Amino acid sequence: MNAPLRKSRPYIFWGQTQSLCETCLKLVPTKIQISGNEVWYEKRCKEHGVQSTLVSTDAAYWRLCKDFIKPGDRPLQFQHRTEFGCPYDCGLCPDHEQHSCLALIEITEHCNLTCPVCFAESSPARTKFTPLATVERMLDALVASEGEPDLVQISGGEPTLHPDFFEILDAVRARPIRHVMINTNGLRIAREKDFVARLAENKRGLEVYLQFDSLQRDALIDLRGADLRKIRQQALENLEHYGVSTTLVATIKRGVNDAEIGDIVRHALTWKCVRGVTLQPVQDAGRNENFDKTTDRIMLSEIRTRVVETGVFGDKDMIPLPCNPESISIGYGLRNGEKVLPLTSLLQQEQLVAVMPNTISPEKYPMLREKFQEKFLDLFSLSSGPLNTSERVCELLCCLPSFEVPQGLTYENVFRVTIVQFLDRFNFCVGNVKRSCIHFVTEQGAIIPFDTYNLFYRNGKIDGIRASLAAQASEGALQA
């Protein structure tokens, strides 16, 4: 007998999730497929058919992320009941798996730029400023949820334009919030040295989150609509002069500024005030002019590869962040001028039960292993605010028996590179969004994941979705 030969599928079926139809944004069943070194979602929408979307170019790293998942920390309060299921009950609802490691408070829609890429769709034409009393209620809602929030980011629009900006900063200081970041395009910081001097009066526990997408004119025009090179230079000079801790944050778009990732990281190390770089693949939400899925999307895995190519952090140093490992990769190091000693390169194993090379066997010293793991998790958590990062570095190094803690170690000696990939209609995954730890606080006191807020909640699209789901449930009940 000549039985016909069976053919193997051209991929490994890894599992199943729920993602979004890229046309109608409905929740759809989704196969997770590994093909070679790539990870793909195959979505099936009843109305719009099958869609295949690349979500990672490094299957080995994608698998590794699963080993970094740890139990989430629940908030003290939930703000919304679970009714329709994720992602339609954000608020936070009891079905969410992670508290707010980082909370954004948007204080204005007004901005002095109209960036072609802006998830908030801010512009000079928008004139709303959130009243101070409302901002205080938002902060109180966060404190009620978190107790002592680790990290609040004051955002917008351009928050430094708010007429009550320093009163808002005082309101943050008046609450048990450990650390505050100012999310800014840097125009006011560059143009008004007195403004930076006043920021410096509050600089303990404060950091400027400075938009810094490129060192090249064309890329800045594409992403920001203006050549901001001189603005960025002057802003950094002013922040350096007053010693204000700064993180450079770059939105990365394929073919526009992805080739500059190494240059941005190396440039950051030339400034004493810069504590690190955050790299964000462009999220297709809000204003995203002329965005093309096939040419403009870039994966976290690709950005991570570019970071490794810089030589500042190696492949073993850029690890998944345990808070939300598939969406955030981070590398920490001790800095001496422009030189960085990666902390994670001290560790032999890739998982969180690692020890110093060739000095101790974890099996023989379980107490040390457990202590080390605890300190490691504390340090490499997004909730490890910059205010106490140097202390946590000391605690970590003390657990390494052959590593001396440097004298006078401060936050100035810490350097990090963080890659934060927000979910959109292409890479959305229900399991992933449930672990989201970066949240918006709304004026109504709701706390909503960054990913779902920009997809469904900012523009009010959720109201129509919920009405439709309620109607379907009512119709089903009548038929039953």
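Predicted model only: the values in this text are computed from it and were never measured.
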Over all atoms of both residues, closest heavy-atom pair of L206 and N202: CB-O, 3.3 Å
Closest heavy-atom pair and its distance - Q16, P29: NE2-CB, 3.8 Å
Test side-chain contact (heavy atoms from CB on, under 4.5 Å), reference I419, set V277, T278, V307, output is V307
Note: [X]-[Y] ion pair, threshold 4.0 Å (strictly below):
X	Y	value
D284	R425	yes
R335	E412	no
E207	R416	yes
D315	R304	yes
E148	R178	yes

CA sep, side-chain torsions, deciding dist, call: Y88, T452, side-chain hydrogen bond (donor to acceptor under 3.5 Å, both in side chains): CA-CA 9 Å; Y88 306 129; T452 57; over 6 Å; no
Has R44 got more than 12 heavy atoms of other residues, nucleotides or ligands less than 6.0 Å from its CZ? no
Do other residues, nucleotides or ligands put more than 12 heavy atoms under 6.0 Å from K26 NZ? no
Would a distance-only check, ignoring hydrogens and angles, find a side-chain to backbone donor-acceptor pair under 3.5 Å from [X] to [Y]?
X	Y	answer
R435	I69	no
T246	V274	no
S327	F422	no
K43	F426	yes
R297	P281	no
E443	T134	no
N257	D213	yes
S155	L104	no
E302	M299	yes
D89	E83	yes

Determine whether the side chains of [X] and [Y] contain a donor N or O and an acceptor N or O closer than 3.5 Å.
X	Y	answer
E22	T53	yes
T30	T17	no
S245	R275	yes
R74	Q98	no
H48	T23	no

State, with a plain yes or no, whether a side-chain heavy atom of [X] is found less than 4.5 Å away from one of [Y].
X	Y	result
I189	V208	yes
P75	Q77	no
F456	P87	yes

Under the side chain to side chain contact (heavy atoms under 4.5 Å, CB included) criterion, do V282 and V117 qualify, and how do the steps go? CA-CA 8 Å; V282 61; V117 175; 3.9 Å; yes
Let's go through L334 and V340 carefully: what are the C-alpha distance in whole Å and the side-chain angles of both, what is the deciding distance for side chain to side chain contact (heavy atoms under 4.5 Å, CB included) to 0.1 Å, and is it a yes or a no? CA-CA 6 Å; L334 294 179; V340 177; over 6 Å; no
Residue pairs passing the ring-ring contact (aromatic ring centres under 6.0 Å, His included) test where at least one lies in residues 114-165, sequence neighbours excluded: H110-F129, F119-F450, F129-H162, F165-F195
side-chain contact (heavy atoms from CB on, under 4.5 Å) against A285, all qualifying residues, sequence neighbours excluded: Q283, N454
Within 45 degrees of the ring normal and closer than 6.0 Å to the centroid, is that where the cationic atom of K66 sits relative to W62? yes
Identify whether NZ of Lys or CZ of Arg in R466 sits under 6.0 Å from the centre of the six-membered ring of F84 and within 45° of that ring's axis. no
Under the criterion ring-ring contact (aromatic ring centres under 6.0 Å, His included), I'd like the reasoning laid out for H80 against H96: C-alpha separation, chi angles, the key distance, then a yes or no. CA-CA 10 Å; H80 198 278; H96 196 74; over 10 Å; no
Testing T184, N112, T108, N183 one by one against E158 for a side chain to side chain donor-acceptor pair (under 3.5 Å), which residue passes? T184
Would you sort out whether R224 and T251 count as a side chain to side chain contact (heavy atoms under 4.5 Å, CB included), showing the intermediate values? CA-CA 10 Å; R224 303 299 162 200; T251 297; 3.3 Å; yes
Mind running side chain to side chain contact (heavy atoms under 4.5 Å, CB included) on L25 and F428 for me, showing each step along the way? CA-CA 10 Å; L25 297 187; F428 188 89; over 6 Å; no
Of all residues at least two apart in sequence or in a different chain, which pass the ring-ring contact (aromatic ring centres under 6.0 Å, His included) check with Y453? F440
